[in-house]
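Lettering of chains follows the sequences in order, A, B, ..., and the numbering in each one begins at 1.
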Number of protein chains: 2
Amino acid sequence: MNASAKPERTRLSAEDWEDAALKLIADQGVGALAVEALARQLGVTKGSFYWHFRTREALLQAALERWEQYGEKEVISQIEAMPDPRARLPELFRRVAHELAPHRVYAALLKALDHPQVVPVMARVSQRRMEFLTNIYREAGLVPDEALNRARLTYAAYVGFLQLNFTLGLPRISHEEFDAYVEHMIRTLTPS
Amino acid sequence: MNASAKPERTRLSAEDWEDAALKLIADQGVGALAVEALARQLGVTKGSFYWHFRTREALLQAALERWEQYGEKEVISQIEAMPDPRARLPELFRRVAHELAPHRVYAALLKALDHPQVVPVMARVSQRRMEFLTNIYREAGLVPDEALNRARLTYAAYVGFLQLNFTLGLPRISHEEFDAYVEHMIRTLTPS
DNA sequence: CGGATACCATACGCACGAGTATGGATCGAC
DNA sequence: GTCGATCCATACTCGTGCGTATGGTATCCG
């Protein structure tokens, strides 16, 4: 009944704890973030933890900041590198739709918005992403007001989708059906 | 520092506890549902609670079922009573947008999807609402596949909006701006 | 008006998870 | 090799919130 995952028998750093914390958050939510559970999973005990962090709260904070840093920079820069502005939106949609793994932490944090520590982080991240979206819509030809509202709508649809399909297990949509949904979304949310 | 809200000095029933529980959930989330806190708020002690319910879990269950019952029947029947199918969608959108109070419990439950008891309830409620939406879209002229996907998109936008504006406190959108957003949503999501 | 029933208070036990104290092991530098 | 710094184990304390035990008070019914 020993630790299972990590055969790494080397000593741990603060970053290791933060990564493990993010993984646990993605899997079981912020509420499941307990130091003894984490320690067990890493094959050590609390004694180790409290050497690296002053408190559980500090670990959460560090993990959140780490996640915020890691960011979505690659996606953003790759999208912005595309020459044709009209082609950016469909590409962005398809990309996000097919790389759902990185969004698992975001989905988990969505369920933890009653926790004071996650609110500012989520506010910043969501704000940045929506501004990015707004810009793309403007470059695609919408006037500023329309672009802003369309970005709000699109991002809300993204967030809602995560909730309904990730955490809630609604009728388990199939692969083809999901692709059809994405294309429908592109048709209705993208200026033709 | 005594109980503040209820001047009702009569004795309590199980329904009183369930209502208080729903109110507390709407205000502070499912996680804040503690029996001693609830008792304090009702001006009694735990002794009362454990006469009405076997456990905290039982109260949550009863409260959720009560909420699911209370339902959104009035809204649905009123919308379905409208003669012109094309007029139903805008009306539904505006209605939901301007009566956000009843959605506070739903928003709170959205943040508690890691709790096993709320998942089936939310699954049922969301499923019913989406079927309702799908029907309206079909009656408004969309072919079945389009109607289903449009309903998914619309409901996801609804859920996402609750998350982003209710729980998260994004840039505090103004009243006029919000109305403009709703109209934009109607234009892009409603078959013209 | 007296007793059964419904409702509530008080005082416990108990589990669980955060945080502390302290000593042991391991690694790098000289 | 040994010595200081880094990393970890063991064994506690303590607060919090659920659930229980038991006795008290209000209310209704005959």
A.B. asks: Would you say the side chain of B:N149 lies within less than 4.5 Å of the side chain of B:L142, judging by non-hydrogen atoms?
C.D. replies: no

A.B. asks: Yes or no on side chain to side chain contact (heavy atoms under 4.5 Å, CB included) for B:F178 and B:N165, after CA distance, side-chain angles and deciding distance?
C.D. replies: CA-CA 11 Å; B:F178 177 65; B:N165 288 267; over 6 Å; no

A.B. asks: Between B:F161 and B:Y181, how do the two ring planes meet: parallel, tilted or perpendicular, split at 30° and 60°?
C.D. replies: parallel

A.B. asks: Atom CD of B:E15 and atom C1' of C:dA6: how far apart are they, to the nearest Å?
C.D. replies: 14 Å

A.B. asks: Send over the distance from A:R40 CZ to C:dA18 P, rounded to a whole Å.
C.D. replies: 10 Å

A.B. asks: Looking only at heavy atoms, what is the nearest atom pair of B:L168 and A:S126, with distance?
C.D. replies: CD2-OG, 4.0 Å

A.B. asks: Checking B:L110 against B:F166 for the side chain to side chain contact (heavy atoms under 4.5 Å, CB included) test, could you report, in this order, the C-alpha distance in whole Å, the side-chain angles of both residues, the deciding distance, and whether it holds?
C.D. replies: CA-CA 11 Å; B:L110 235 29; B:F166 252 59; over 6 Å; no

A.B. asks: Which letters describe nucleotides 8-24 of chain D, given B = protein heavy atom under 4.0 Å from base, S = only from sugar-phosphate, - = neither?
C.D. replies: BBB------SBBB----

